[in-house]
Amino acid sequence: MKIAVIAPVWIPIPPQGYGGIERVIKLLVDELVKLGHDITLYASGGSHTAARQVIYMEDSLIEMMGKTLYDAYHVGQAFRQIAGEGYDLVNDHSGFLGVAFASFLHAPVVHTLHGPFHEPVKRFYRAFNYDALFIA
């Protein structure tokens, strides 16, 4: 399968001394490549995996975490490229923007849920529950 994986833009993969989302993505993409899938990872600069990587932001942006401008730039650029590349599947770890715009892609989007799942977050996912598939 031809699969696009969208990572959050804030921290390189694998992370140094940290085991969160970026560690999960590293393990996932490396294993998918071993299984023979064609994987493209959209990630932060400084990332190193077995997948082909597309980097829009060369510098680590951990100090900018949560600022929509950088997140929107990364996800928007990734979606623009993914839309024209004929992917079989998109696995999104980017957060809310990937889900909000999933319906604009032709390939199915599987969004991996990370983080707290309190009422405002539940309301958001209910609003877009037909646009992406969700896993945790």
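Quick note: residue numbers are just sequence positions, from 1.
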Please report the closest heavy-atom contact between [X] and [Y], naming both atoms and the distance.
| X | Y | value |
| --- | --- | --- |
| A7 | L41 | CB-CD1, 4.1 Å |
| G45 | P12 | O-CG, 3.4 Å |
| F134 | N129 | CE1-CA, 3.7 Å |
| H106 | A83 | CD2-O, 4.4 Å |
| P8 | H93 | CG-O, 3.4 Å |
| S47 | Q53 | O-NE2, 2.8 Å |

If you group Ile, Leu, Val, Met, Phe, Trp and Tyr by side-chain heavy-atom gaps below 4.5 Å, do [X] and [Y] land in one group?
| X | Y | value |
| --- | --- | --- |
| I55 | V90 | no |
| I13 | I3 | yes |
| V5 | L133 | yes |
| I39 | I21 | yes |
| V33 | M1 | yes |

When you compare the side chain of [Y] with that of [X], does any pair of heavy atoms fall below 4.5 Å?
| X | Y | result |
| --- | --- | --- |
| F104 | D131 | no |
| I82 | I6 | yes |
| R52 | D38 | yes |
| N91 | L28 | yes |

- Task: Show the numbers, then the answer: is there a side chain to side chain contact (heavy atoms under 4.5 Å, CB included) between L97 and F79?
- Result: CA-CA 10 Å; L97 288 173; F79 268 46; over 6 Å; no
For [X], does the [atom1] atom sit with more than 12 other heavy atoms under 6.0 Å from it, leaving out its own atoms?
| X | atom1 | answer |
| --- | --- | --- |
| E119 | CD | yes |
| H48 | NE2 | no |
| F101 | CZ | no |

- Would a line drawn from the ring center of F124 to the ring center of F96 be shorter than 6.0 Å? yes
- Examine Y125 together with H111 and report whether their ring centres are nearer than 6.0 Å. yes
How long is the straight-line distance from [atom2] of [Y] back to [atom1] of [X], given to the nearest 0.5 Å?
| X | Y | atom1 | atom2 | answer |
| --- | --- | --- | --- | --- |
| F128 | S103 | CZ | OG | 8.0 Å |
| L113 | I135 | CG | CD1 | 8.0 Å |
| R80 | E85 | CZ | CD | 13.0 Å |

- Going by distance alone, is a donor N or O of one side chain under 3.5 Å from an acceptor N or O of the other, for S94 and D71? no
- Query: Do T40 and Y87 have a side chain donor and acceptor closer than 3.5 Å?
  - Reply: yes
- Measure from the side-chain N and O atoms of K34 to the backbone N and O of A50, and report whether any donor-acceptor pair falls under 3.5 Å. no
- Item | Check: Y56 side chain, Q77 main-chain N or O, donor-acceptor pair, under 3.5 Å | yes
